[in-house]
Amino acid sequence: MAGTNRITLIDDLTIYHAEAQKQLLLDTLAAPGAVEADLSQAGEIDTAGLQLLILAKREALRQGKDFHIVAHSPAVRQTIDFCNLTAFFGDPVVIPAHESP
């Protein structure tokens, strides 16, 4: 049974980093096992970053794998919520007490 591959994206999820992040996500998805994405360090996210996350989720589904976001930065949480994609990703979103809305 394959394990879980955890990936931490430390750069912002923006058009400026999209090409490198896309390759990193696809390489991680190519390995056996589920993928967990730690996005806690992403200070910004734009539509390119959102598209990358959607691509990763869809590619994982196509391959019959799990793709989960395990740590959302405030920017990622706000963008996913604003775009009404929380159910699409299906991951629990934890809001730390010091960031309560």
Side-chain angles (χ1 to χ4, degrees):
M1 181 174 165
T4 300
N5 301 299
R6 187 175 185 120
I7 183 172
T8 302
L9 297 178
I10 56 173
D11 292 320
D12 292 335
L13 289 162
T14 63
I15 187 102
Y16 304 108
H17 305 285
E19 185 175 344
Q21 290 172 336
K22 177 182 178 184
Q23 193 57 54
L24 186 58
L25 284 166
L26 292 177
D27 289 346
T28 305
L29 283 165
V35 176
E36 293 181 344
D38 179 341
L39 307 179
S40 61
Q41 302 301 309
E44 291 184 41
I45 182 170
D46 63 13
T47 55
L50 191 58
Q51 288 175 26
L52 285 176
L53 296 178
I54 292 168
L55 168 75
K57 182 69 172 187
R58 286 188 174 163
E59 182 60 20
L61 290 171
R62 188 186 71 74
Q63 293 181 26
K65 295 181 178 184
D66 290 327
F67 175 83
H68 299 287
I69 300 172
V70 294
H72 301 73
S73 72
V76 170
R77 274 196 324 266
Q78 290 169 359
T79 301
I80 288 174
D81 185 48
F82 178 78
C83 294
N84 201 24
L85 290 171
T86 304
F88 171 77
F89 287 105
D91 302 310
V93 178
V94 177
I95 301 172
H98 68 282
E99 293 180 24
S100 50

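What you see is a predicted model; the values in this text were computed from it and never measured. Computed over heavy atoms, backbone and side chain alike; hydrogens, waters and symmetry mates excluded.
In the displayed structure, Ile15 atom CD1 is contacted under 6.0 Å by at most 12 heavy atoms of other residues, nucleotides or ligands.
Closest approach of Ser73 to Ser40, counting heavy atoms only: CB-O, 3.6 Å. In terms of heavy-atom proximity, Ala75 sits nearest to Ala42 at CB-O, 4.1 Å.
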Quiz prompt | Residue pair Ile45, Leu39: steps toward the side-chain contact (heavy atoms from CB on, under 4.5 Å) verdict | solution = CA-CA 10 Å; Ile45 182 170; Leu39 307 179; over 6 Å; no
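Distance check, rounded to the nearest 0.5 Å: CG of Leu55 to CG of Leu26 gives 5.5 Å. We find the CG-CG distance between Leu53 and Leu9 to be 8.0 Å, quoted to the nearest 0.5 Å. In this structure, OG1 on Thr28 lies 12.5 Å from CZ on Arg6, to the nearest 0.5 angstrom. Considering CD1 of Ile10 and CG of Asp38, their distance stands at 11.0 Å, rounded to 0.5 Å.
Residues meeting the salt bridge (Lys or Arg N to Asp or Glu O under 4.0 Å) test with Glu59, sequence neighbours left out: Arg62. Every residue two or more places apart in sequence or in another chain was checked for a salt bridge (Lys or Arg N to Asp or Glu O under 4.0 Å) with Arg58, and none qualifies. Residues meeting the side-chain contact (heavy atoms from CB on, under 4.5 Å) test with Gln78, sequence neighbours left out: none. By the side-chain hydrogen bond (donor to acceptor under 3.5 Å, both in side chains) test, Thr47 is found to be paired with no residue, residues two or more places apart in sequence or in another chain being considered. Annotation: side-chain contact (heavy atoms from CB on, under 4.5 Å) contacts of Leu85 (sequence neighbours excluded): Leu50, Ile54, Ile80, Cys83, Phe88, Phe89.
Side-chain atoms of Lys65 come within 3.5 Å of backbone N or O of Leu29 as a donor-acceptor pair. Formation of a donor-acceptor pair under 3.5 Å by the Asp91 side chain with backbone atoms of Ile69 is found in this model.
Two residues are said to be in side-chain contact when any heavy atoms from C-beta on lie closer than 4.5 Å; Leu13 and Thr79 fail this criterion.
Residue pairs that meet the side-chain hydrogen bond (donor to acceptor under 3.5 Å, both in side chains) test with at least one member in residues 12-24, sequence neighbours left out, are Gln23-Asp27.
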